[in-house]
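Reading through the C-alpha cells given below for one structure.
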Amino acid sequence: MDNNAQDPMVPQLYEVTRTIRETHDSFSLHLKSKGDSDIPEFGPGQFNMLYAFGVGEVPISISGRAEKSGNLIHTIRNVGSVTSALNDLKKGHTLGLRGPFGTSWPIEACKKQDVVIIAGGIGLAPLRPAIYALLKQRDQFGEIAILYGVRQPKDLLFTKEFETWRGKYGIQVKVTVDSADREWKGNVGVVTTLIPRVSFDPTHTVAMICGPEIMMKFSILALKQSGMSEKNIFITMERNMKCAVGFCGHCQFGPAFICKDGPVFAYNKIKPFFETRDL
Amino acid sequence: MDKPSVIDKEDLNKLIAKLNQQGYKTIGPTIRGEAIVYDRISSIEDLPEGWTDEQGPGHYRIKKRNDKALFGFNVSPHSWKQFLHPPEKKLWTAEKNGSSFKIIPEELENPKFAFIGVRSCELHAIAIQDKVFIQGPHIDSVYQINRKDLFTVAVNCGQAGGTCFCVSMQTGPKVNSEFDLALTEVLEKDKHYFVVETGSDRAQSIIENLDLRTAENQELKIAEEIIDNTAQNMGRFLDTEGIKETLFENLEHPRWEEVANRCLSCANCTMACPTCFCSTVEDVTDITGDHAERWQKWDSCFTMDFTYIHGGHVRNSTKSQYRQWMTHKLASWIDQFDSSGCVGCGRCITWCPVGIDLTEEVAAIRKSDKTKIDNI
Amino acid sequence: MKSLESIIENHPFFKDLEPRFLELVTGCASNVRFEAGSFIFRQNEEANQFYLIRQGKVALEVCPPNRDPVIVQTVSDGEILGWAWMVPPYNCHFDAQALELTRAIQLDGQCLRKKCEEDHSLGYQVLSRLLPIIGKNMEATQLQLTDIYGNRS
C-alpha cells in the first residue's frame, strides 16, 4: 500500500467514463479508478466523497455499478458550487474520490420479509443499489413495493428502469408527484398516499426510506399506522460532512456520526434525536 | 517503577537539556504578553518563575507570587492540542495537468515533542483526543505523527484554579494516567525541590543519568498533602451522576434558551477546550487555477456554516448551537468514545467573554429537570 | 352482475358497515362510469355527489385564469371523491376530471345528508369514515406547501 491509500483524507483519482443527464437538475457520472487499485466493493447505501479540482468535496451516495464495466455510478443533484463543478465534467475528465464510507441498507434483514422502499426526490439514487441487491436474489423476498414521490414529473429519476422492475421482477412500483400539468397521467399527491395502494404484510415487512426529513417523518407515521413496527424501519440521514471518517465533527446527530454510524440508521436507534428540532 | 526521586531546579534544567540532546522539541509554560502560554522552551529560565494566574468566569490575570515556584499556576489559555492537532494544516496539494490532475500528499515530519508541565486534566484530554484520531477505524496521520514520540513531563497541581473541577471529572489533580515523568513541586521554608515519579522506561533511563537521590518518606508525605490540599479546594463542582440521561431527557429545557441569551456564539470555549476536535476543510487555488490545496482548520459548532446543507443551516440558533456543544461534551461523547469529553480544566469558563459556566448550566438543568419536576 | 349493495359493502370506505346502514346508503346509490377526459364535476358547481371509486383515476385540478390547469391530487381505486356535499354551502372546490375510464358508485348527497340527519348513528358512521380522509388530505396539503423536494438555495 502506498501512502495515498493509507491516509483517509487523501483522494484517489478516478476518470469519468460516461456522463448521463438524468433530469433537468440531476446527472450521473460513471467512474473508473485511474490507479492500480480495483474499484472498491461497496454496500448499498454507502457514499463517497467526490472532489472537483480546486472547488471542493461533497458526499455523494453510490447509485449503482455499471453493468458491464463495473464502474461506479453516482447520481448527483446540481445544488451548489461543487456539484455544479462535477456537472461540468466530461468524459475523460478526472476527479478525486475517497470512500466508500458509512453503513448499508439491511438487505439480509429483508430475507423472507416483504420490503417497502420509499424514496423522495434524489433519494431514489442511494436506494437504487438496494433495489438491485433485492432483484439479484428476488426469490428470497416476499412482496417488494417501491413508492416514489417527487415534486414534479420532470424530477423523476430512472423511469426507464421501472418497467423492468415491474415486469421482470414483479415489483410494485408506484410513483406520485406533488403537482402536475395535464400531460401527467399518473398519481398526484404526497408519497404517503401510496402506502395503502400497495400490498404488503405490515407484520413481516422491512421498510427503507430515503428523502427529505419531513417526508421521512410522515412516511414513518403512515407505516406505523399501517401496522409496521418501528424496529423494522430504516432511514438515511444527511448532515454537513467534511471528512467522512469521524474526525471533523460536522455530521454529528446526537450521539451518532452520520458518516460512520450512518447514513443508514434503524429508526428506533435514533428516534429521540430525530424528533428533536434543530439538532 | 522505582521509588520516587527528588530533583532540584538545577537537575530539572539538566533534564530539559537532556531531552533537547535526544532530539526532543521541548515545549512548556512561559510568559507571553499577559498570559502564561505553552511555547518552545530551552531551559528553566523560560518557565514563569514566581508567577501565578487568577481564573474566574470570563476572568484571567497573571500575578506575582511571593515565592519562586516554577509551576505555581494552573492551565494556560491554549491547551497542548495546538501542537498535536494544529489549528491549520495542509492536507495535500493538487496540480492540474490538462483535463487530469495529480494529488501530492504532504510530507509529514515527526516533531518529537516533549511537553514540560502537563497537568493531569491535560493528560486526560490528550488521551481523549487519541481516541478520536488514532484509536478508531481511521487514523489522522498528522495527529499520529505528532503524537508518536510525545514525551510528557507531568506536574501534579499544587493549587486549584478558580474554574477548576477535575475532581468532579475524576481527571486530577493527581496524575493518574499514562506519563513519562510526573513532578510535584514542593516549596517549604528555604527548600525548593520536586518529587519525581517515573512512568516509562525511556524516562527511567534519563533519570538514571541524572543521578538523583531517592525521596524520603517525609518528602513523599508532604507532596501527597499538597495534592490533597489542591483536591480539597476545587473552584467548581459538576455533578456527573447520570449526566448523559439527564441532558438527553432535557433537550427541550427552557435553560437552553436562557443561556443562549447570554452566549455570543464566539466559539472561544471550543478553541480553548483541550478535547474539542472539530475541523473544517478549505480548498484554495492559485490565480492560474492549476495549483490547488486542501487545508484543514479548526472549526467550531458555534459557527453557522457548521451545519450547512444545501439550502439552509440545521442548527441556526445560538440555543441549538450551545445545546450541541454541551450535550456533546458531557453526554453524547460518552456514547461516542466511552468517556466524558470534559476533563474539568475550566478553560471554557475562564475564556468565555460573558462568563458562562457549564457547571452552573448543568446545575440549573438538574434543578428543574423536566423528567423529575412532576414529583415536586 | 354484482348488486349495488355488495359493491358498496366491499368498498374500503364502507368496510364493516352494519347491514341496516348499508341498506340506507344503497338507497341513495347508483352505478356510474366516466370516460377518460370527461369532467365529473366543476369548481363552484353545487356539490351533490359523493363518489366511491371502484376503478380508474380522477384528477382534482385548479385552473388559474392565466395558467394551465394544475393537478393537485389524484384519487383512484378504493378511494373516495368529494366531501363538499357534507359541508354547507355544498359547493365543489375543484374540477374533477377522469384521467382514465373510471367506474364509481355515485351517492346522492342530498339523499345521504337527509338520511344522516334522520339517523344520527348513520351520520356518525359516515362522518367518522370521512374525517380521517379529510385529515389526511389536509396533512398532504401542508406537506405539498412546504415544498420538501424543492431547492431552497
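Residue numbering restarts at 1 for every chain, and letters A, B, ... go by the order of the sequence lines.
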Residue pair [X] / [Y], side-chain heavy-atom distance below 4.5 Å:
X        : Y        : value
B:His310 : A:Glu238 : yes
A:Thr276 : B:Arg323 : yes
A:Asp278 : B:Asn316 : yes
B:Asp283 : A:Tyr51  : yes

As an exercise, state the distance from [atom1] of [X] to [atom2] of [Y], rounded to the nearest 0.5 Å.
X        : Y        : atom1 : atom2 : answer
B:Arg294 : A:Met9   : CZ    : CE    : 6.5 Å
A:Asn240 : B:His313 : CG    : NE2   : 10.0 Å
B:Lys102 : A:Leu13  : NZ    : CG    : 11.0 Å
A:Asp7   : B:Leu108 : CG    : CG    : 7.5 Å
A:Lys242 : B:Lys297 : NZ    : NZ    : 12.5 Å
B:Ser99  : A:Glu15  : OG    : CD    : 7.5 Å

Is [X] close to chain B through its backbone or its side chain, or both, or neither, when contacts mean heavy atoms under 4.5 Å?
X       : answer
A:Val55 : backbone
A:Lys34 : side chain
A:Leu89 : neither

Should the heavy atoms of other residues, nucleotides or ligands under 6.0 Å from [atom1] of [X] be counted, would the total exceed 12?
X        : atom1 : result
B:Arg262 : CZ    : yes
A:Lys231 : NZ    : no
B:Lys112 : NZ    : yes
B:Glu258 : CD    : yes
B:Asp338 : CG    : no
B:His291 : NE2   : yes

So which of [options] has the biggest tally of heavy-atom pairs under 4.5 Å with chain A?
options                                : answer
B:Gln336, B:Glu293, B:Glu106           : B:Gln336
B:Lys244, B:Gln144, B:His328, B:His138 : B:His138
B:Asp335, B:Asp140, B:Ile334           : B:Asp140
B:Phe248, B:Trp333, B:Trp92, B:Phe277  : B:Trp92

Given that the side chain runs from C-beta out, which part of [X] has a heavy atom under 4.5 Å from chain A: side chain, backbone, both or neither?
X        : result
B:Tyr143 : neither
B:Asp299 : side chain
B:Lys96  : both
B:Glu107 : neither
B:Thr280 : both

So which of A:Lys90, A:Met241, A:His250, A:His93 has the biggest tally of heavy-atom pairs under 4.5 Å with chain B?
->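 The residue among A:Lys90, A:Met241, A:His250, A:His93 with the greatest pair count is A:His250.
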Which one of A:Cys251, A:Ala256, A:Gly249 has the most heavy-atom pairs closer than 4.5 Å to chain B?
->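 Between A:Cys251, A:Ala256, A:Gly249, the count favours A:Gly249.
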Ring centre gap for A:Phe247 and B:Phe133 strictly below 6.0 Å =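 Yes - the distance between ring centres of A:Phe247 and B:Phe133 falls below the 6.0 Å cut-off.
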Contact summary for [X] and [Y], nearest pair of heavy atoms:
X        : Y        : answer
A:Cys248 : B:Phe306 : O-CZ, 4.3 Å
B:Thr285 : A:Gly54  : CG2-CA, 3.4 Å
B:Phe337 : A:Lys260 : CE2-NZ, 4.5 Å
A:Phe53  : B:Ala94  : CE1-CB, 3.6 Å

